[in-house]
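Side chains included, hydrogens not; waters and symmetry mates left out as well; all remaining heavy atoms used.
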2 protein chains.
Amino acid sequence: MNRDEQNKAPISKQTLNRMPAYLLYLKNLDLQERQSISASAIASDLNLNEIQVRKDLAAVSSSGGKPRKGFDIHMLIEDIKAYLGYDDVNNAVIAGAGKLGQALLCYDGFSEYGLNILAAFDSDPAVIHQSVNAKMVYPIEKMPEICHLLNIQIGIITVPAAYAQLVCDQFVKSGIRAIWNFAPVLLNVPQDILVQNENMAVSLAILSKHLSVKLKKND
Amino acid sequence: MNRDEQNKAPISKQTLNRMPAYLLYLKNLDLQERQSISASAIASDLNLNEIQVRKDLAAVSSSGGKPRKGFDIHMLIEDIKAYLGYDDVNNAVIAGAGKLGQALLCYDGFSEYGLNILAAFDSDPAVIHQSVNAKMVYPIEKMPEICHLLNIQIGIITVPAAYAQLVCDQFVKSGIRAIWNFAPVLLNVPQDILVQNENMAVSLAILSKHLSVKLKKND
DNA sequence: TATTTATCGATATAAATATATCGATAAATA
DNA sequence: TATTTATCGATATATTTATATCGATAAATA
Ligand SMILES: NC(=O)c1ccc[n+]([C@@H]2O[C@H](COP(=O)([O-])OP(=O)(O)OC[C@H]3O[C@@H](n4cnc5c(N)ncnc54)[C@H](O)[C@@H]3O)[C@@H](O)[C@H]2O)c1
Ligand SMILES: NC(=O)c1ccc[n+]([C@@H]2O[C@H](COP(=O)([O-])OP(=O)(O)OC[C@H]3O[C@@H](n4cnc5c(N)ncnc54)[C@H](O)[C@@H]3O)[C@@H](O)[C@H]2O)c1
C-alpha cells in the first residue's frame with residue numbers, strides 16, 4: 001500500500017498526465033551508473049519546473065526523497081508503475097482487425113502498461129478465423145460470448161467511423177467497462193463506462209499551430 | 001482574418017484541447033435540419049459545462065452567437081478549422097514503414113486536418129522501393145534530399161524505440177520543423193523544433209486507473 | 001406591437017494548477 | 001567533528017482554468 005492509498009490527497013489530472021514521461025525518463029537511466037536522482041535533475045532534462053517535478057514525485061513516492069541525493073530510481077519506477085496501474089493486468093479485445101487494429105494486435109509493448117490484448121473481432125470474412133500475432137480474429141457476432149468468457153474489461157475500437165457507435169453498443173452489451181476509441185467519433189455510453197479517445201486530431205492541431213506561428217514570424 | 005488574429009487574447013491550452021471535439025460534434029449535425037446551435041445544447045450533448053462551451057466558442061468564433069439562436073453551425077465549423085490550422089496544408093513524411101507506419105500511410109483521413117503524408121523511409125530492403133497507398137517508401141539515406149525537395153515540415157516517427165533518436169536527428173538535419181513521435185522515447189531536439197508525442201501510455205494509465213477504482217468500489 | 005424567454009457576452013468568483021520562498025536535513029567536504 | 005550545500009518538503013503566492021451571476025438582446029409568442 002502506498003502513501004496515496006493510506007492518507008494522501010488524490011493526485012491531480014495534470015500530474016497523472018506527466019507521470020508516463022517521468023517513467024520513461026527514469027527507465028532510460030543507467031542504474032549501474034547511479035541509483036538515485038534529484039527532482040532538479042529530472043526537471044532540467046525534461047524542461048519542466050523543478051518544484052512541479054518535486055511535487056509530482058512526492059505525490060506518488062512511497063519513501064520520499066533525501067536531501068542532497070534525491071529519489072531512489074528503482075523505487076520511484078515501481079511507485080509510478082503502481083500508481084499508474086501498470087501492475088494490474090487488464091484484458092482487452094479489439095473490434096476492427098484492419099490496418100490499425102492489426103498494428104495494435106502486433107504490438108507487444110502494451111504489456112508494459114498492463115494491457116493484455118487477447119483477441120479481435122471483425123465482420124470481414126477475409127480476416128475472420130485467422131490469427132494475427134497469435135491472436136484470433138473472431139466474427140463480430142461472437143463478441144458477447146467471448147468477452148464474458150475471457151472476462152474482458154477493455155474494448156478497443158478500430159472500425160471505420162460509421163460503425164464505431166454500433167460496435168460500441170455491442171461492447172457495452174458484452175460487459176466491458178472501458179473503451180479505447182481510435183475512430184473519429186464521439187461515442188455515447190452509459191454513465192459508468194469510460195471512453196478514452198485516442199485523438200490524433202489534437203496532436204495535429206498542435207503541430208499545425210506551431211508551424212503556422214513559425215511561418216508568421218518569418219514573414 | 002478572425003477575431004483572434006485581430007485583437008483577442010491567446011486561447012488557452014485547455015480550450016485548444018476541446019476544439020477537435022466541438023468540431024467533430026458540429027460536423028455530425030444535420031445542416032438540413034438546423035442551421036444554428038446554442039452553447040447550452042452543445043454542452044448538454046458533450047457533458048460539458050455550458051459557460052465553458054460558450055467561452056470556448058466565443059474565443060474562436062468570428063461572428064459570435066445570437067440570443068435565442070446560438071451560433072451558425074457552418075460558420076463555426078469554418079472558424080474552428082481555421083483556428084486549429086486544418087486549412088493550412090503541411091507536408092509530412094514517415095520514418096519507419098512497419099505495421100504502424102503503413103497503417104498511417106494507408107489512412108486518408110489526415111487530410112481533414114491538413115496533414116499531407118507524401119512518402120516514407122525505411123532501412124529494410126523488404127519494404128523500400130515499394131509503394132503503400134500510392135506513397136513510395138525510400139531508403140532512409142535519401143531522407144535529407146527528399147525532405148528538402150518536397151519541402152517537408154513534419155517528420156513522423158514510427159521506427160522501433162531504439163532507433164527513434166537516430167531518426168529524429170536525421171529529420172532535424174533534413175530541415176523538418178516538427179516531429180510527430182509514436183515511439184516510446186523522449187526525444188532530444190533543438191529549441192525551435194516541436195516534438196508532439198502520441199503517448200498511448202497516458203491513455204492506458206487513465207483506463208487502468210478507472211478500472212482499478214471501479215474494482216475497489218465493488219469490494 | 002408588447003411581452004416573454006432563451007441565449008449571449010461581460011464581469012465576478014471559485015477551483016485547480018504552477019511557481020516561489022524558506023526552514024530542515026542528510027550527505028559531502030573541510 | 002564542524003561546516004557547507006544540495007535537495008527536500010511544507011507553506012505561501014501567482015497564474016490558469018472553470019464556474020457562477022447578471023444585464024442586454026434578438027427571436028419567439030401573445
Ligand atoms: N489507420 C490509421 O492510421 C488511423 C489513424 C487514426 C484513426 N484511425 C481510425 O481507426 C479506424 C480504423 O482505421 P483503419 O485504417 O484500420 O481502417 P481499415 O478499413 O483498415 O479497418 C477497419 C476494419 O474494421 C472492420 N469492420 C468494419 N465494420 C465492422 C463492424 N461493424 N464490425 C466489426 N468490424 C468491422 C473492417 O472489416 C476492417 O477490417 C477508423 O475509424 C479510422 O478513422 C485510423
Ligand atoms: N504497432 C503499434 O500498435 C504501436 C503502438 C504504439 C507505439 N508504437 C511504436 O511505434 C513504433 C513502430 O511500431 P511498429 O509496430 O510499426 O514496428 P515495426 O517493427 O512493425 O516497424 C518498424 C519499422 O521501422 C523500420 N526501421 C527500423 N530501424 C530503422 C531505421 N534506423 N531507419 C528507418 N527505418 C527503420 C523497420 O524496418 C520497420 O519497418 C515503435 O516505436 C513502437 O513502439 C507502435
Heavy-atom closest pair (B/R18 atom, B/L48 atom, distance to 0.1 Å) is CD-CD1, 4.3 Å
Can you tell me how far apart OH (A/Y86) and CD (A/E78) are? Round to the nearest 0.5 Å. 13.5 Å
Less than 4.0 angstrom between a side-chain N/O of A/N49 and OP1 or OP2 of C/dA20, yes or no? yes
Please determine whether a side-chain nitrogen or oxygen atom of B/R54 lies at a distance below 4.0 Å from atom OP1 or OP2 of C/dC8. yes
Taking any strand in view, what nucleotide pairs with C/dA18 in a Watson-Crick or G-U wobble way, both distances under 3.5 Å? D/dT13
Is the phosphate of C/dA6, meaning OP1 or OP2, less than 4.0 Å from a side-chain N or O of B/K69? no
Phosphate-side-chain proximity, B/K66 and C/dT7, N/O vs OP1/OP2 below 4.0 Å: no
Using whole Å, report how far CD of A/E50 lies from P of D/dC8. 7 Å
Given C/dT7, is OP1 or OP2 found less than 4.0 Å from the side-chain N or O atoms of B/S38? yes
Whole angstrom value for the distance that separates C1' of D/dA18 from CD1 of B/I11: 16 Å
Considering Watson-Crick and G-U wobble pairs with both distances under 3.5 Å, what does C/dA27 pair with? D/dT4
Between A/K81 and A/Y113, is NZ or CZ placed under 6.0 angstrom from the six-membered ring centre and within 45° of the ring axis? no
Interatomic distance where CG belongs to B/D56 and P belongs to D/dA18 [whole Å]: 7 Å
Take the protein atom CZ of A/R18 and the nucleotide atom P of C/dA18, then report the distance between them rounded to whole Å. 4 Å
Under 30°, 30 to 60°, or over 60°: which ring-plane class applies to B/W180 and B/F182, parallel, tilted or perpendicular? tilted
Once you round it to whole Å, what is the distance between C1' of D/dA27 and CD1 of B/I37? 17 Å
